[in-house]
Amino acid sequence: MPEISKKKILKIVRTANILLFIIYASTIAVSLLKKNAIEKEGSILQDNQKEKIRFIEIRSGNESKINFEKKGLLWTVSDNDKNNPTLAIADSNMVNALLENTCKKSKMIKKADNKTSLVPFELTEEQSTRITFRDSKGSVLTDFYLGKNNLHTHNTAFRYADENTVWEKEFNAEKSTDINSWAEHLIYPEFISEKNTGLTRGRISKLRPSENAIPEKIIKKEFQESSKIILRIYSAGENYLVEPEFITGNSFDPEAKEALKFLKFNYTVSAYTFERLLAEGKNE
């Protein structure tokens with residue numbers, strides 16, 4: 001075996017030293033990045049601001065939008081359809097989950113601090129969901145964007161509307177702009193019914209009965225303190241179209257009582273649910 005020249009040995013040693021230096025420098029760099037990464041306990045909106053929230057707006061990209069308004073003990077939800085608007089009772093449990101997640105303290109991890117990072121975290125205007133909370137005077141309490149979910153940590157990327165800093169945080173609430181996701185699902189909602197019958201609506205419908213249309217059935221169900229729900233039901237192919245009316249007693253929350261008068265929404269029910277409604281309600 002030929003002997004390795006002294007020159008070749010020096011070259012090998014020099015190369016090994018360079019590789020060791022690169023590994024050492026990389027280790028130091030990673031360590032510094034971890035050290036400089038900001039982790040803190042925090043919330044998107046301080047909890048003491050939660051009771052001030054009266055209006056919520058959720059926007060997806062530049063197109064779809066839904067609005068919420070607090071009316072006494074109820075939340076209403078409306079879409080942005082100018083020609084055929086829908087105004088419905090919102091599912092209070094889902095709205096409360098949104099408020100809780102926004103005001104809940106948990107670990108916040110700073111992921112980036114520049115505009116170029118918005119695209120990979122899906123936090124541009126076009127990619128993200130924008131949520132705005134306002135008080136009774138319309139003043140903004142918080143305005144933020146929700147972006148990409150981290151598949152490993154299950155956290156959600158977010159940023160404030162006037163900042164490019166990207167944070168990740170736990171956020172487990174609905175953020176859809178589909179009014180079907182947010183409108184009250186129970187046909188006899190808990191705010192008026194003392195017992196949950198388990199009967200749920202189908203989809204919110206843009207269909208409106210004609211002015212002279214006669215309902216196939218009118219079902220009345222009475223509750224405590226003279227409250228009642230009237231369901232005017234029309235045939236709609238394989239399903240049925242329901243036009244609900246809510247009448248509340250004198251002791252009911254005045255602001256919510258007034259809001260119920262101006263609701264404008266219909267929904268579908270299946271033939272099975274229709275039969276259940278007939279069995280449980282007073283049929284006229």
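- Relative orientation of the Phe274 and Tyr240 rings is parallel, given thresholds of 30° and 60° on the angle between their planes.
- Heavy-atom contacts from other residues, nucleotides or ligands closer than 6.0 Å to CD of Glu41 number more than 12.
- The local environment of NZ in Lys206 is crowded, with over 12 non-hydrogen atoms from other residues, nucleotides or ligands closer than 6.0 Å.
- Looking at Trp167, its side chain never comes within 3.5 Å of a backbone N or O of Tyr160 through a donor-acceptor pair.
- Asn266 places a side-chain N or O within donor-acceptor distance of the main-chain N or O of Leu207, the cut-off being under 3.5 Å.
- Below 30°, between 30° and 60°, or above 60°: for Phe158 and Phe144 the angle between ring planes is above 60°, a perpendicular geometry.
- Hydrophobic cluster membership of Phe121, counting Ile, Leu, Val, Met, Phe, Trp and Tyr whose side-chain heavy atoms lie under 4.5 Å apart directly or via other members: Leu118, Leu123, Tyr145, Val166.
- Salt bridge Glu125/Arg130: present, at least one basic N to carboxylate O contact under 4.0 Å.
- Within 6.0 Å of CD in Gln46 there are 12 or fewer heavy atoms belonging to other residues, nucleotides or ligands.
- In this structure, Val119 stands alone, with no Ile, Leu, Val, Met, Phe, Trp or Tyr side-chain heavy atom under 4.5 Å from its own, directly or through other members.
- Around the CG atom of Asn250, the shell of radius 6.0 Å holds no more than 12 heavy atoms that belong to other residues, nucleotides or ligands.
- Within the structure, side-chain hydrogen bond (donor to acceptor under 3.5 Å, both in side chains) contacts touching residues 226-235 (residues at least two apart or in different chains) are Arg232-Glu245.
- Here Glu100 pairs with Lys50 in a salt bridge; the nearest charged N to carboxylate O distance falls below 4.0 Å.
- Residues Glu174 and Ser181 have side chains that never bring a donor and an acceptor to within less than 3.5 angstrom of each other.
- Here the options are Leu146, Ile66, Thr177, the test is side-chain contact (heavy atoms from CB on, under 4.5 Å), and the partner is Ser60; only Thr177 passes.
- Between the side chain of Lys70 and the backbone N or O of Gly72 there is at least one donor-acceptor pair closer than 3.5 Å.
- Checked for salt-bridge contact, Arg134 and Glu57 miss the test: no charged N lies under 4.0 Å from a carboxylate O.
- Under the side-chain hydrogen bond (donor to acceptor under 3.5 Å, both in side chains) test applied with Thr156, the options Asn149, Asn150, Asn172 reduce to a single match, Asn149.
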Any chance you could lay out the side chain to side chain donor-acceptor pair (under 3.5 Å) test for Asn67 and Glu69, step after step, and finish with the verdict?
CA-CA 7 Å; Asn67 299 284; Glu69 183 175 356; over 6 Å; no
Side chain to side chain donor-acceptor pair (under 3.5 Å) between Thr76 and Lys71, intermediate numbers included:
CA-CA 7 Å; Thr76 60; Lys71 294 288 189 177; over 6 Å; no
